[in-house]
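In what follows, every chain begins at residue 1, and chains take the letters A, B, ... in the order their sequences are listed.
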Amino acid sequence: MSYLDELNDSQRQAVQHTQGPSMVIAGAGSGKTRVLTYRIAHLVKTGVDPFTILALTFTNKAAKEMKGRIASVVGYGEARNIWMGTFHSVFARILRSEASKLGYPSNFTIYDTQDSKSLLKSVIKEMGLDEKIYKPGVVYSRISSAKNNLISPREYMSNQDVMISDEASGKPRLGEVYMNYADRCFKAGAMDFDDLLFKTNVLFRDHPQALHAYQHKFKYLLVDEYQDTNYAQYLIVRKLAAVHENLCVVGDDAQSIYSFRGANIQNILNFKRDYPDYVLFKLEQNYRSTQTIVEAANSIISKNKDQIKKKVWTDNAQGESIELLRANTDNEEGRMVAQNIFETKMREQLKESQFAILYRTNAQSRSMEEALRKMNIPYKIFGGLSFYQRKEIKDLLAYFRLICNPKDEEALKRVINYPTRGIGQTTIDKIVLTARERGTSLWEVILDPIQSALQVNKGTASKIKEFVTFIERFHHSLGITGSYDMAYEVAQTTGILKDLYNDKSPEGVARYENIQELLNGVKDFSEQRRADGGDDRLDEFLMDVALLTDADETDENEDYVSLMTIHAAKGLEFPYVYIVGLEENLFPSQLSLSSRTDLEEERRLFYVAMTRAERRATISMANTRYRWGNLTYCEPSRFIDEIDKAYVKFPPNWNGQVSDMSDLGFGGGMEGWSSFNRQSGGAGSEGLNFVKKQDTAPVRIPIHVPRNFKKLNNTNDNGDYGPVEEVEVGMDVEHPRFGKGKVVKLEGGSPDTKATIFFPGSGKKVLLLKFAKLKVLPSTA
DNA sequence: TGCCCGGGTGTTTTT
DNA sequence: CACCCGGGCA
């Protein structure tokens, strides 16, 4: 039982108390993950069948890591059978097997936010409503929060308060939009993110025998990050745990940062009410951070009124002060941070992967990126547009989706005329209209246009027929053809592959590479499935794709500085953390200033950011910042003031608060920087000249690991065709497709550096370095 | 039907 | 500033 020796007293108690309801309040860095993993391992060790354990985590990555750690204690064979994953992925899986009870096909599509908004847009249009008033995004969040609170369209429309507030906001027909949207999703055999939780509740409410089965199946339940569960999630947990009541929830009220998506901190506070005989464990010793960081974080969070009393402490060394960097501009802020990272790295002989830059909004990544790029520091951005959201990927995936579920309306609209096959908007509108009149899916209309009385001319009709036959052919061979073979054939026969291949613009090359990457992902999946003896079907591949996120794919073999929002950093830790943009109206966000609870959530966010740091935390701000195009002046964030001064190292000119407007000049040795960065990507001559100067030095490309994806199959771990770090004019290189060639020209700033390469076999090609999988060959000279 | 251009608009945070 | 959308034109 050696693993028990690795725990402190309270951790061990939490691990060993397996029967009955319990709650673990785990301060930041207190070994929460360790408790969770050992608790599960302990269950298995003491004879509990892994199939009866359900562990709900906050990210897929957390589940994967935890599984790996459990496997090292109890072995892979046992660990793999534990039900573990995010709420969304676990219940998507359950919903698939119970789909027929809800009238859904088991291979229902999961709509991502883009799909949902696009569908909402057409619903709104078809209802003749003004898109300026019924903005899809706003409508989406309204519907989302309705679902998260388990309010069905019917209940929505019969709820007086809701109707009154919608009327007050000028959107009296929002309920109808909700109803039509839900109807269309259903007809398309699709669920959106929120449906995965909503429909699970419907399943458990309307099918007691199903609930009963799962209640008995899952004898042990664990929920991580319980403070961030919403009502729909709360109810699922409560129902599932009702029979055995072996429920262990783990969380930290001080780290509740997701109220905007319905997370309810009350869930933690109500635990006592729901399970009066629960046992409470508090983990208060922090093992992660220095004394300075822990105390500074405590001083911040103590400003919040709403909190469960606890005292996080540490035995760790005092450590370095929290340094405040103050810059004149956002770009200078980036430069100061990059410089600081560089110096620290050199001084302490560290790896890039030991650093993280955290920010409040995604938009802030830009100035950081530019600075890092200039200093040749490799970085990776998490979040933002993920791999699966790129147009070319969504297009090909839409084919896959349509083949697996032909009723998928959004997929059909996406590809019916891509690549162009002469079925234009007019025709699509007619199809949609006909489908609506007949109350069926678009697919059913085009499957039998005559029966549906679809009014199109002969030419169009035959083109539609051709398209239908094409999709049907693949649909019918789903059980026969393997996932990769089918995926490849689709990419091939639709002409997508060829189109992108022929597009030799850097963007085209990038898109081609992305498609290759997707195909390689399918190949990985296919091989994995065959090795495991499972079903190698394209619809199986598709199942979880919509639920994968950026954070799920990190590559430990690569070395880079991590850039992400604070939200995305939750649960992670880094030796050196930079929290940037500490300015009023940015952090805390201007949208939070009107209410105390919102402001307190911002403060918890700052607490989360600070407690990610192990050895040193650095904070920064800029006096001016470009915000949607124009220069704005910034005040230091109130949060700076809230850190106990004993732990902060202020800049020499720090006057306490309001920025001194007289020192806002761009001088002081910063020439070039602000003006260049401002015009980055544009045609500003000054900026371009500046880049050219850099070109004389070897261009080192930040390692941009394709998001979410494993390494390509055609690039192996030995570095063949790996992303190239340094390319110079005159170098001999090898390209996976074009073969050997010579670099003749480099242009543009990293990471968009384009290389002109002469390939004896295929002529001159202009390639984007970050995407071209080049291998540098030994010099022939 | 498809491409290009200009105007309007928008920023929290994510499964 | 950057993206999306709609209108105008080939």
ring centroid sep under 5.5 Å plus plane angle under 30, A:Phe260 with B:dT13: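 A stacking contact exists, since A:Phe260 sits close and nearly parallel to the base ring of B:dT13.
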
Side chain of [X], heavy atoms from C-beta onward: which of [options] has the nearest atom to it?
X        : options                : result
A:Ala568 : B:dT14, B:dT15, C:dG6  : B:dT14
A:Leu591 : B:dT11, B:dT13, B:dT15 : B:dT11
A:Arg366 : B:dT14, C:dA2, B:dT15  : C:dA2
A:His567 : B:dT15, C:dC5, B:dT14  : B:dT14
A:Asn417 : B:dG10, B:dT14, B:dG2  : B:dG2
A:Lys132 : B:dT12, B:dT9, B:dT15  : B:dT9
A:Thr420 : B:dT14, B:dT15, B:dT1  : B:dT1
A:Lys135 : B:dT14, B:dT9, B:dG10  : B:dG10
A:Trp628 : B:dT11, B:dT14, B:dT15 : B:dT11

[atom1] of [X] versus [atom2] of [N]: gap in Å, rounded?
X        : N      : atom1 : atom2 : result
A:Tyr111 : B:dT14 : OH    : C1'   : 21 Å
A:Gln114 : B:dT15 : CD    : P     : 14 Å
A:Lys117 : B:dT14 : NZ    : P     : 12 Å
A:Ile257 : B:dT14 : CD1   : P     : 9 Å
A:Met564 : B:dT14 : CE    : C1'   : 14 Å
A:Asp598 : B:dT11 : CG    : C1'   : 16 Å
A:Ile566 : B:dT11 : CD1   : C1'   : 15 Å
A:Leu586 : B:dT13 : CG    : C1'   : 12 Å

For [X], which contact category applies under a 4.0 Å heavy-atom criterion: base, sugar-phosphate, or nothing?
X        : answer
A:Thr426 : sugar-phosphate
A:Ser89  : nothing
A:Tyr258 : sugar-phosphate

Give a yes/no answer on whether the side chain of [X] brings an N or O atom under 4.0 Å of OP1 or OP2 in [N].
X        : N      : result
A:Asn362 : B:dT13 : yes
A:Asn585 : B:dT11 : no
A:Thr565 : B:dT14 : yes

Side chain to side chain contact (heavy atoms under 4.5 Å, CB included), paired with A:Ser256, selected from A:Gln227, A:Glu600, A:Glu225: A:Gln227

Given the ring of A:Phe108, does A:Lys199 sit roughly above its face, with NZ or CZ under 6.0 Å from the centre of the six-membered ring and within 45° of the axis?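 Here A:Lys199 fails the 6.0 Å and 45° test against A:Phe108.
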
Can you tell whether the side chains of A:Glu601 and A:Arg604 come within less than 4.0 Å, N to carboxylate O? yes

Looking only at atom P, what distance separates B:dT13 and C:dC4, rounded to whole Å? 16 Å

Distance criterion of 3.5 Å, no angle test: do you see the side chain of A:Arg360 paired donor-to-acceptor with the base of B:dT13?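 Check passes, donor-acceptor contact within cut-off.
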
Taking the six-membered ring for Trp and the single ring otherwise, decide whether the centroids of A:Tyr104 and A:Phe186 are under 6.0 Å apart. yes

Check whether the ring centres of A:Phe58 and A:Tyr258 lie less than 6.0 Å apart, and answer yes or no.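 A:Phe58 vs A:Tyr258: aromatic centres under 6.0 Å.
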
Aromatic ring pairing A:Phe204/A:Tyr214, orientation class (parallel under 30°, perpendicular over 60°, tilted between): tilted

